[in-house]
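The first residue of the sequence shown is numbered 1, and numbering continues consecutively from there.
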Amino acid sequence: MQHKALLPVMRGLRAVSENIEFEFETNGTIAPPREFLELCSLVVVSPKLSNSGMEPSVRIVDALESLLDAPQVVLKFVADSEQDFQEIESLQKRFGIAAQRIWIMPRGRTAEAVAQTGQAIIDKVIASGYNYSTRLHLTLFGEKQGT
C-alpha cells in the first residue's frame, strides 16, 4: 500500500546512486506497479496460510501471481505442521513456484518455541528444497513490539 509514496523516493535515491538497494516485505495482497518491483533488489512476499485463521479469498489473491512474475520476489511462509507444508506445496504447484524461491519460517512467539518448531520441521524443509529462516529478533530481543 505504501508504493505510491515510496516510488518517488526510490526514483530520487536511484538518481543519486545506482548502488542503493531496496528490499521490502509484503503480504502479497496488493501488487505494486512494475516500476516499483524493477527498482527493488528483493521483495519478500509472505502470504498467510490457513493457520492464520483468515479466509483464502482474503489472503491468496490475484496480486500474488503478478508479484511472482518478478524474479526478485521470493515467498516466505510461517509453518509448523504437515498441513502447512501441504498448503505450501499446493500453492507452489498452482503458481509454478520454484522451490528455491520459497522460504520457511518456523511458527512460534518465543525463541524457545521457534527453535522447537524449527527442529520439528527442518527435515521437511530440506527434503522439499526450500530455504529456512528463523525469527532471529525473538532470540535477540524477546517478544517485543518494534523489533
Heavy-atom closest contact (N131 atom, V125 atom, distance): O-CG1, 3.7 Å
Spacing of CD belonging to E65 relative to CD1 belonging to I97, to within rounding of 0.5 Å: 9.5 Å
R107 side chain reached by V114 side chain, heavy atoms, under 4.5 Å: no
Pairwise side chain to side chain donor-acceptor pair (under 3.5 Å) hits with a residue in residues 93-104, at least two apart: none
Check: S41 side chain, F22 main-chain N or O, donor-acceptor pair, under 3.5 Å: yes
With F24 via ring pair (Phe, Tyr, Trp, His ring centres under 6.0 Å) - residues at least two apart: F36
Distance (rounded to the nearest 0.5 Å) between N51 CG and Q83 CD: 8.0 Å
Steps toward side chain to side chain contact (heavy atoms under 4.5 Å, CB included) verdict (C40, E21): CA-CA 7 Å; C40 293; E21 294 191 16; over 6 Å; no
Shortest non-hydrogen contact from I20 toward L13: CD1-O, 3.4 Å
Residue pair L37 / L67, side-chain heavy-atom distance below 4.5 Å: yes
Distance, nearest 0.5 Å, that separates CD1 of I122 from CD1 of I104: 9.5 Å
Pairs meeting criterion side chain to side chain donor-acceptor pair (under 3.5 Å) with involvement of residues 66-78, two or more places apart: E25-K76
Pairs where residues 54-78 contributes a residue and the test ring-ring contact (aromatic ring centres under 6.0 Å, His included) is met, not counting sequence neighbours: none
Validation row: P47, L75 side chains within 4.5 angstrom (heavy atoms): yes
For the student: nearest non-hydrogen atoms of A79 and T117, plus distance: O-CG2, 3.7 Å
Nearest non-hydrogen partners of A70 and R34, listed with the distance: CB-NH1, 3.7 Å
Worked verdict on I102 versus V74 for side chain to side chain contact (heavy atoms under 4.5 Å, CB included): CA-CA 6 Å; I102 296 176; V74 298; over 6 Å; no
T26 (side chain) donor-acceptor with G28 (main chain) under 3.5 angstrom: yes
Contact check, side chains of Y132 and M105, non-hydrogen atoms, under 4.5 Å: no
Cluster overlap I88 with I126, hydrophobic side-chain contacts below 4.5 Å: yes
Transitive ILVMFWY side-chain link F95 to F85, under 4.5 Å: yes
Salt bridge (charged side-chain N to carboxylate O under 4.0 Å, His left out) pairs, two or more places apart, involving residues 121-142: E89-K124
Connected via hydrophobic side-chain network under 4.5 Å: V9 and L39: yes
Close side-chain approach of T29 and L64, heavy atoms under 4.5 Å: no
Nearest heavy atoms of P106 and S133, plus distance in Å: CD-O, 3.1 Å
Value rounded to 0.5 Å, distance of CD in Q92 from OG in S128: 7.5 Å
Separation of Q116 CD from I121 CD1 (nearest 0.5 Å): 11.5 Å
Hydrophobic cluster membership, V73 vs V78, 4.5 Å side-chain cutoff: no
Closest contact, heavy atoms only, G108 versus A113: CA-CB, 4.0 Å
All side-chain hydrogen bond (donor to acceptor under 3.5 Å, both in side chains) counterparts of R11, not counting sequence neighbours: E35
Reported CG-to-CG distance for the pair L91 and L49, which is rounded to 0.5 angstrom: 7.0 Å
Within-4.5 Å side-chain heavy-atom neighbours: V43 and E23: no
